[in-house]
Amino acid sequence: MSVRDILEGRLTEKEVELRGWLVTKRSSGGVQFLMIRDGTGRLQCTVHKDEVGEKIFQKTDKLTQESSLTLKGIVKVDKRAPDGYEVKVRDLQVIQLAAQDYPLSKKEHGIDFLMDWRHLWIRSSRQAAILKIRAEVIKACRDFLDEEDFTLTDSPIFTPSIVEGAATLFETPYFGDKAFLTQSGQLYVEATIAAFGKVYCFGPTFRAERSKTPRHLTEFWMVEPEMAFFSFEDNLRLQEEMVSYIVKKTLEKRSKDFEVLKRDIKPLKKVEPPFDRISYTEAIEILQKNGYSIEWGEDLGLPHERTISLKFEKPVFVHRYPARTRAFYMQPDPVDSKVALCADLMAPEGYGEIIGGSERIHDLKLLEQRIEEFGLPRKAYEWYLDLRRYGSVPHSGFGLGIERVVTWICKLKHIRETIPFPRTMTRIYP
RNA sequence: GCCGUCGUAGCUCAGCUCGGUAGAGCGGCUGGCUGUUAACCAGUCGGUCGUAGGUUCAAGUCCUACCGACGGCGCCA
């Protein structure tokens, strides 16, 4: 028996037993009002002195916030209850009387304080709603890819070498040697496509960048599909279908949580294929017309991404960035080799990039040349070059940042609330 | 890493301009209230004012350094 069952009206006038936690308690003389949370929802329970007797009433009176308890009673429909239903308590047992100094009050707290108490903060309805939506986003990613006949092939977290060369990696001892925590599983899924055709990896990734922004974590989760024989265009089509699926499923399954967050879902309902596509070159022109002093060849910062994103109602692809500024493995555009066949997907409502993807170089000679141009240690990439020696095929893939998607879908100001225990440059506790 | 703002009770903050020995609300505790909705009412507990140094008869308040947090930028998918 759960609070959800009661709120859905299935147990009215029935005797129920609930197990959960005391969210808050109010009283008015001989009646006490307990707000109980059991993981499926919240429900008001009433304890009447003249019905339960002095002993139980005293026990209830001594309950502290977040005490765990079991209670029995009858489910009643009552207009005075916050959700229309309440349980009239007959008996109550305390599992553990919580210490009286529970640090989180109903009033405001600062973010640093809340993060220090993150292990308790996740009990709050707002944080729980965000994490429920996160869980749904993850499930939608997996369901979508599984239904599209993808095979999950997870990549290692300990890696021997730098993947893209640029970003800072976390280093850790490894039996007398050094290892690095992965910053992308992409190179490894490029290997598994030759066994399975369409694959993805899904796991945590680590970046030791000293980024202090509302959209960076040092540890975050990424889903990285990789598809044999997929052209650049095929790749974009898959991305817009997947993102639309995620949004649709999340709206469908977690509408209550969006209400808790007071998230206006109208913009989300517009998310369906096809998404708009603009080239990097067009993006630069748009930005210049909007008064930015940015030249072709420069990378886009958050203000730029935001400006672009706000011009579209749906997510928008910005494609064909200058090849020089992009990763070594990206396929040059056959029409103009100055740009790469890559695209970033910008979430709407001023949120920036949520996906980065590209067609990969499948020609051995070209890849060898790029590794040299980028000054990468050739030896570390021999296995990766093997993939171009033995049955190389054109292929494409992308990486979708789970937390960035959740930040956008929930319309949050900061990414740190989208993961149960965020890791940032300055926080590793709790 | 750079720029800005901030650091006073468990929490959120006022007090700093103009130096004179610390305040509110919330939470906790005690009591009251038989339908509360961030309940309400009364009482009560609670602070070496981030740290170190300096100026001064006197520093929460002025000065310097450091530490920490937050916001923005940079780095970065």
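Naming convention: chains lettered A, B, ... in sequence-line order (proteins, then strands); numbering from 1 in each chain. Both backbone and side-chain heavy atoms feed into the values below; hydrogens, waters and symmetry mates do not.
A sub-4.0 Å separation between OP1 or OP2 of C29(B) and a side-chain N or O of Gln100(A) is present. Contact annotation: Arg416(A) side-chain N/O to G71(B) OP1/OP2 distance is under 4.0 Å.
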Let me have a per-nucleotide readout for nucleotides 1-8 of chain B, 5' to 3', with B, S or -, counting only protein heavy atoms under 4.0 Å.
-> --------

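G32(B) and C70(B) have their P atoms separated by 44 Å, with the value rounded to a whole Å. U21(B) and G60(B) are spaced 10 Å apart, taking the C1' atom of each and rounding to whole Å. Remark: the separation of the C1' atoms in G72(B) and C49(B) is 29 Å, to the nearest Å.
Among the atoms of the strands shown, only primed sugar atoms or phosphate atoms (P, OP1, OP2) are found under 4.0 Å from some heavy atom of Phe113(A). Using a 4.0 Å heavy-atom distance criterion, Ile111(A) is classed as a sugar-phosphate-only contact. Residue contacts shown for Asp112(A) are limited to sugar-phosphate atoms, with no base heavy atom under 4.0 Å away. Using a 4.0 Å heavy-atom criterion, one finds that Asp299(A) contacts no nucleic acid atom at all. Contacts of Glu51(A) with the nucleic acid, taken as non-hydrogen atoms under 4.0 Å apart, are absent. Residue-level contact check: Gly352(A) touches neither bases nor backbone, having no heavy atom under 4.0 Å from any strand.
Each of G72(B), U36(B), C76(B) was ranked by its minimum atom distance to the side chain of Arg207(A); first place goes to C76(B). Closest to the His48(A) side chain, of the nucleotides G35(B), A69(B), C76(B), is G35(B).
Pairing partner, U17(B): none, since no Watson-Crick or wobble contact has both distances short of 3.5 Å.
Gln186(A) and Glu226(A) share no side-chain donor-acceptor pair at under 3.5 Å.
Between the P atom of U36(B) and the CG atom of Leu34(A) lies a distance of 16 Å, rounded to the nearest Å. Atom C1' of nucleotide C76(B) and atom CD1 of Ile354(A) are separated by 17 Å, given to the nearest angstrom.
Interface residues of residues 35-43 of chain A facing RNA chain B, ordered by number: none; criterion, heavy-atom separation under 4.0 Å.
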